[in-house]
Number of protein chains: 2
Amino acid sequence: MKTYVSSYQKTEIEMIFSSELIKGTLKTIVLKLLADNKKMYGYEITQTVKELTKDRIQLTEGALYPTLHALEADGLLTTEIEYIGKRVRKYYSLSPKGKSKAKERVNEFTEFVETMQSLLDIKPRLA
Amino acid sequence: MKTYVSSYQKTEIEMIFSSELIKGTLKTIVLKLLADNKKMYGYEITQTVKELTKDRIQLTEGALYPTLHALEADGLLTTEIEYIGKRVRKYYSLSPKGKSKAKERVNEFTEFVETMQSLLDIKPRLA
DNA sequence: TTCAATACATCAAACTCTTATGTATTATTT
DNA sequence: AAATAATACATAAGAGTTTGATGTATTGAA
């Protein structure tokens, strides 16, 4: 009789999600965090996501900064610079347009998940 | 007094999901469908997904065929050609490696969704 | 004083999807 | 009978995103 588990470790050790899955949800994550926190800066976003997901979603700066810039260019975010000593900090906030977009995106994700679950739960030859 | 609904129509009319969301789940969808149906051909996969999701997830052939070829190149799928009259039909099946990959992917997606929900459900300033 | 953490940013290469385009057979409509 | 739609494969240029590296600079900890 086995007294230790040798498989399914992946679900016990914190599994890091393949970047493929995170693709497509990055903007949703950023918009939702900003909706909840009024203003955040880039580095803070990466750390917050790391903490909230126990390291399972790791946003890289190379992906995050271009995304923030794109959201800003779309008029969804506004920015304000702050100095902490001599170090620059760039805070992002949702514009009114950004607020409705945030709701829209979270909504869409929720429905997408429902649709995906109906796809992935289907068992063969039930009838 | 309004007697008709003018907003939230998007959730009543079948919303088509942005391709951004579908990115990263295409392989999962294909692997799961093949796990449930033993063998399927490309066109059949596009139609099945269309039906099962009520047109909300639409796989284009330009995305599907390269993906099938990639999965095959990875040793996850095997193929067999059949002729329906003179028309070619290429059936895909899961290899043993593909079967475990399918479980892995569905599992990963499920956990990813849980993680995302904890991210997206968080409300600000609860304490 | 050296290393790690904080904080911004850019960029080439890689990857994936979109949107045609192409070929060919078969079924349906006009 | 001819035209159109559906079936069924496939590729490929361009677009969009992410990876992974690299860069600059400040601040805190060892």
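In what follows, chains carry the letters A, B, and so on, assigned in the order in which the sequence lines appear, proteins first and then strands, with residues in each chain numbered from 1. Worth knowing before you read on, the calculation uses all heavy atoms, side chains too, and leaves out hydrogens, waters and symmetry mates.
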Notebook entry, point to check: Can you give one letter per nucleotide of nucleotides 24-30 of chain D, going 5' to 3': B for a protein heavy atom under 4.0 Å from the base, S for sugar-phosphate only, - for none?
Noted result: --BS---
Notebook entry, point to check: Is there side-chain contact between A:Val30 and A:Leu64, with at least one heavy-atom pair below 4.5 Å?
Noted result: yes
Could you tabulate the donor-acceptor pairs under 3.5 Å formed by side-chain atoms of residues 80-87 of chain A, not counting sequence neighbours?
from	atom 1	to	atom 2	distance (Å)
A:Glu82	OE2	A:Lys39	NZ	3.2

Note to self: Run the ring-ring contact (aromatic ring centres under 6.0 Å, His included) test against A:Tyr65 and tell me which residues pass, sequence neighbours left out.
What the structure shows: none
Notebook entry, point to check: How long is the line joining CD of A:Glu72 and C1' of C:dC8, in whole Å?
Noted result: 14 Å
Next item on the list: In whole angstrom, give the distance that lies between atom CD of B:Glu82 and atom C1' of D:dA8.
Entry: 13 Å
Notebook entry, point to check: Quick one: side-chain hydrogen bond (donor to acceptor under 3.5 Å, both in side chains) partners of A:Tyr41, sequence neighbours excluded?
Noted result: A:Arg89
Notebook entry, point to check: To the nearest angstrom, how far is A:Gln47 atom CD from C:dT6 atom C1'?
Noted result: 9 Å
Margin query: Measure CE/A:Met40 against P/C:dA7 and give the value in whole Å, please.
Written below: 12 Å
Item checked: Any donor-acceptor pair under 3.5 Å from B:Thr79 side chain to B:Tyr92 backbone -> no
Next item on the list: Give me the one residue out of A:Thr28, A:Thr48, A:Leu94 that meets side chain to side chain contact (heavy atoms under 4.5 Å, CB included) with A:Leu33.
Entry: A:Thr48
Checklist line | Under the salt bridge (Lys or Arg N to Asp or Glu O under 4.0 Å) test, residues paired with A:Lys23 that sit two or more places apart | finding: none
Notebook entry, point to check: Is there a side-chain contact between B:Leu68 and B:Ile45, using heavy atoms and a 4.5 Å cut-off?
Noted result: yes
Check: Tell me, for nucleotides 9-20 of chain D in 5' to 3' order, what letter each nucleotide earns: B for a base near a protein heavy atom under 4.0 Å, S for only sugar-phosphate near one, - for neither?
Finding: BBBB----SSBB
